[in-house]
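Here's the structure, in structure tokens; my notes come after.
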Amino acid sequence: MTGEQATAGSRTGDAAGPADEISPADETGPTDETDEVTAAVMAAARLLVGLSARALAEVGSALTLPQLRTLVVLDSSGPVKLAALAATMEVNASTAMRMVDRLEAGGLVDRKVNPDNRREVVLRTTDDGAALVGTVLEHRHREVAALVGRLPVDVRAGLVVGLRALTLAAESPAPDPHGAPDAARDMLPGGTAF
């Protein structure tokens, strides 16, 4: 489906799914349209980061945004080992450990010996940590809902399709510019996937 078809489908209410909206065959390289979409996504990202920072400030938390991200990941993952937390956050283990140390000092995270393997430590949010995550996310949800509520209905529908497609693209391996299959790309120097 071309960009014009996707836009027309959004206007006419066709129910094309996000996978139908993007495909490697549609990629023609950077264009003015790509630049415009990139600028819009970057502006929306700044808006959402600002909403998160404001939510933290309004609940009186001294957490940084990276600390909040760590806490949210831990809260949504359940008890996890440090290596799994680091992998989920796409940081090295020492960075994750420093973040956990700060959160633990604040009473928001605790470490427990893994009952299945006493050499391992499992991380989890404390009740205070989970409560803070809930409060901040609820505050952020209210602000986003208020913004979305100000949009016309047809714009909201297009936003849902576009954001789902963007999320899908972020979760999928990046296409290889050299045409190598996915498994081969993973073996190439510098080959990365999301």
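Quick caveat, the model's predicted, so the values are computed rather than measured.
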Shortest non-hydrogen contact between Ala93 and Leu82, atoms and distance: O-CD2, 3.9 Å

Given the rule in the side-chain contact (heavy atoms from CB on, under 4.5 Å) test, do Glu104 and Leu108 qualify, once you have shown the distances and angles that lead to the verdict? CA-CA 6 Å; Glu104 184 179 34; Leu108 302 172; over 6 Å; no

Output, in order, the C-alpha distance, side-chain angles, deciding distance and verdict of side-chain contact (heavy atoms from CB on, under 4.5 Å) for Val100 and Arg111. CA-CA 9 Å; Val100 167; Arg111 304 170 207 234; 3.9 Å; yes

Using a 4.5 Å side-chain heavy-atom cut-off and chaining through intermediate ILVMFWY residues, the residues clustered with Leu51 come out as Leu47, Leu48, Val144, Leu147, Val148

Examine distances only and state if a side-chain atom of Arg69 and a backbone atom of Met89 form a donor-acceptor pair shorter than 3.5 Å. yes

Using 0.5 Å steps for rounding, measure from the CG atom of Leu85 to the CZ atom of Arg124. 14.5 Å

Under 3.5 Å, side chain of Thr70 to main-chain N/O of Pro66, donor-acceptor pair present? yes

Path from Leu137 to Val49 over hydrophobic side-chain contacts below 4.5 Å: yes

Hey, is the main chain of Ala55 close enough, under 3.5 Å, to the side chain of Glu58 for a donor-acceptor pair? no

Hey, could you give me the OG/CE distance between Ser94 and Met99, rounded to the nearest 0.5 Å? 11.0 Å

Heavy-atom closest pair, residues Thr135 and Val59: CG2-CG1, 3.3 Å

Measure from the side-chain N and O atoms of Ser76 to the backbone N and O of Val73, and report whether any donor-acceptor pair falls under 3.5 Å. yes

Distance check, rounded to the nearest 0.5 Å: Arg102 atom CZ versus Gln67 atom CD? 6.0 Å

Could you walk me through whether Asn92 and Thr95 pass side chain to side chain donor-acceptor pair (under 3.5 Å), step by step? CA-CA 5 Å; Asn92 63 45; Thr95 299; 2.9 Å; yes

If we only count heavy atoms from C-beta on, is the Asn114 to Val121 side-chain gap below 4.5 Å? no

Measure across Leu168 and Ser172 and return the closest heavy-atom pair with its distance rounded to 0.1 Å. O-OG, 2.8 Å

Nearest-0.5 Å distance that lies between atom OG in Ser52 and atom CG in Leu63: 12.0 Å

Between Ala53 and Leu65, the two heavy atoms sitting closest are N-CD2, 3.8 Å

Measure the CG-CG distance between Asp128 and Asp110 for me, rounded to the nearest 0.5 Å. 11.0 Å

When rounded to the nearest 0.5 angstrom, what distance separates CG in Leu132 from CG in Asp75? 9.5 Å

Keeping Arg156 on the side-chain end and Leu151 on the backbone end, is there a donor-acceptor pair under 3.5 Å? yes

Verify same cluster id: Leu71, Val122 (apolar side-chain graph, 4.5 Å): no

